[in-house]
Undergrad: 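Structure below; questions to follow.
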Protein chains: 2
Amino acid sequence: MAKTVKNSKRRMDALTLERIVDAAIELLDSEGENRLTFRALAARLETGHGAIQWYVPNKNELLKTATKTAVSAVVTQASPGTAPHDAIRALALGLFNAMDAHPWVGRELIGSPWQPTMLWIFELIGRQVKALRVSSDKQFTATSALVTYIIGAGGRESANSRAPEASGNRQELLDAMATVWGHLDPNEYWFTRTMTEQLRRHDDREEFLAGINLILDGLETTHLPLHELELPT
Amino acid sequence: MAKTVKNSKRRMDALTLERIVDAAIELLDSEGENRLTFRALAARLETGHGAIQWYVPNKNELLKTATKTAVSAVVTQASPGTAPHDAIRALALGLFNAMDAHPWVGRELIGSPWQPTMLWIFELIGRQVKALRVSSDKQFTATSALVTYIIGAGGRESANSRAPEASGNRQELLDAMATVWGHLDPNEYWFTRTMTEQLRRHDDREEFLAGINLILDGLETTHLPLHELELPT
DNA sequence: ACCTGAACACCGTTCAAGT
DNA sequence: ACCTGAACACCGTTCAAGT
């Protein structure tokens, strides 16, 4: 305290990359993606908008850093004892929650799949895939499929939170969509119409995990004819 | 011909929504998403930029219409005789190709999952899921999972085409990424490192379809203990 | 009905100038 | 080293004015 006061030329709350990123995340969460501007950030941080650019070269970089921060807050490594299936589900759900809480994360992750954050996700999922004893020539495919599915679901979830109809709560949005589905042309949309009630009642996380389970189950399918399987005695 | 010439006050190539959308798609494909501006469009169509707004109210609507046009050009209904598995793979691959050819489509579809185009995709996939005789309480889950995976893969593919490293051909990009993977810290990325060669050699469409197959296989898993299965005699 | 382009209120980014 | 804000080159959108 005394130190900062003594150095009177310095503001107590000096600008740091961390403070900038935190403020950016707050702004992204509360105001949305296209309300994050250097000028708005500068106002919130009580500085000039050019000053921010000294720490972060451009808006793209700012978004990347914010994404990394938001994701790594949720994604932790599995505790050693966990079964691979459960570890994958936990990881997936963590990512889903992060993208649900921060609607801009999904869009950003999908928009630049080669960025370090994606690589880290790939690594963590891949380790568990390997622990599942998936044959080595299928590990790449399996990990890719899981990551693709997770990011796809997160992207959709992100978009849902930004839906124009989502001003109210979630059930209102679902009811509104269900009403639309119920009124679809029975000739053109005979399948979707029958799903109206499922849409209204579904739980996002349950459906998400059910999809993960489908992929995990698919991984165990050997495609051998049954009589070649080792049956439990 | 004579008709249009006679009516001399009218330009031969009158502005229509269709011409606007076609020009927008060309611009999106060749110049990228953020090079599509009303001013650039107006220049290409040799008109004022305000004129376009008479046909399409804003840029969002223009993107939606362009997406619908690009997708419906590839997505056709399955021919009656096709087996459901094959129909799903064909649909999925068609969508993948569309998103590969038009890198902006993936981003747009994922960005607004409640739009009519997404509903139509859901319908077409759902019909085949039903034809697979998936039990009725799983049809919603199965269709959602497939659509989520397809869109996720398309989104990634879209991003890859826009990758800064993708200026050259695809193999150059893969080689560059493989080099990065090969140089990763063996302690932090011990799994990903082992996937370097798989990354370099993988085929996007094969991997994509392999993921579809995982989900389809998962759908057939009954979760009954083996001794309760009907074994072939 | 359809088209034009000036005008407005924003942006991201650069940069000379300050401390 | 760090901060400031004017300046520039763009945007999307609106709209009075034309044909």
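The model shown is predicted, which means the values in this text are computed figures rather than measured ones. Lettering follows sequence order; numbering is per chain, from 1.
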Undergrad: Among D:dT14, C:dC3, D:dC11, which is the nearest nucleotide to the side chain of B:Thr37?
TA: D:dC11

Undergrad: Less than 4.5 Å apart, any side-chain heavy atom of B:Thr16 and any of B:Ile20?
TA: no

Undergrad: With respect to the side chain of A:Arg39, which nucleotide from C:dA7, C:dT14, C:dC11 is positioned closest?
TA: C:dC11

Undergrad: Is the shortest side-chain N to carboxylate O distance from B:Arg193 to B:Asp185 below 4.0 Å?
TA: no

Undergrad: Which listed nucleotide (C:dG12, D:dT14, C:dC2) is nearest to the side chain of B:Tyr55?
TA: C:dC2

Undergrad: Which nucleotide wins on minimum distance to the side chain of A:Trp54, given the candidates C:dG5, D:dA1, D:dA6?
TA: D:dA1

Undergrad: Take atom CG of A:Leu62 and atom C1' of C:dT13, then tell me their distance rounded to the nearest Å.
TA: 14 Å

Undergrad: What's the closest nucleotide to the side chain of B:Ala51 if the choices are C:dC3, D:dC2, D:dG12?
TA: C:dC3

Undergrad: Let's see if you can work this out: which of D:dT13, D:dC2, C:dT14 has an atom nearest to the side-chain heavy atoms of B:Phe38?
TA: D:dT13

Undergrad: What is the distance, rounded to the nearest whole Å, between atom NZ of B:Lys59 and atom P of D:dC11?
TA: 9 Å

Undergrad: Can you measure A:His49 atom NE2 to C:dA16 atom C1' for me and round it to whole angstrom units?
TA: 13 Å

Undergrad: Could you tell me the separation between the CG atom of A:Leu41 and the C1' atom of C:dG12, rounded to a whole number of Å?
TA: 13 Å

Undergrad: Salt bridge check, A:Arg170 against A:Asp204: does any charged N sit closer than 4.0 Å to a carboxylate O?
TA: yes

Undergrad: According to the Watson-Crick and G-U wobble definitions, with both distances under 3.5 Å, which nucleotide is paired to D:dC2?
TA: C:dG18

Undergrad: Within the 4.0 Å heavy-atom criterion, would you say B:Leu36 contacts the bases, only the backbone, or no part of the nucleic acid?
TA: sugar-phosphate

Undergrad: Given D:dA7, C:dC3, D:dG12, which nucleotide is nearest the side-chain atoms of B:Leu15?
TA: C:dC3

Undergrad: I want to confirm an ordering. Mapping A:Gly50 and A:Arg35 to their closest nucleotides on DNA chain C, which one lands closer to the 5' end?
TA: A:Arg35

Undergrad: Please report the distance, rounded to the nearest Å, between CD in B:Glu46 and P in C:dG5.
TA: 12 Å

Undergrad: If we call it a pair only when both distances are under 3.5 Å in a Watson-Crick or G-U wobble match, what pairs with D:dC8?
TA: C:dG12

Undergrad: Please round to the nearest 0.5 Å and tell me the distance separating atom CD of A:Glu123 and atom CZ of A:Arg127.
TA: 4.0 Å

Undergrad: Output the rounded distance in Å from CG (A:Leu27) to C1' (C:dC11).
TA: 14 Å

Undergrad: For B:Leu45 and C:dG5, give me the distance from atom CG to atom P, rounded to whole Å.
TA: 14 Å

Undergrad: Round to a whole Å and report the spacing from CG of A:Asn58 to P of C:dC11.
TA: 17 Å

Undergrad: Are B:Phe96 and B:Phe208 close enough that their ring centers fall under 6.0 Å?
TA: yes

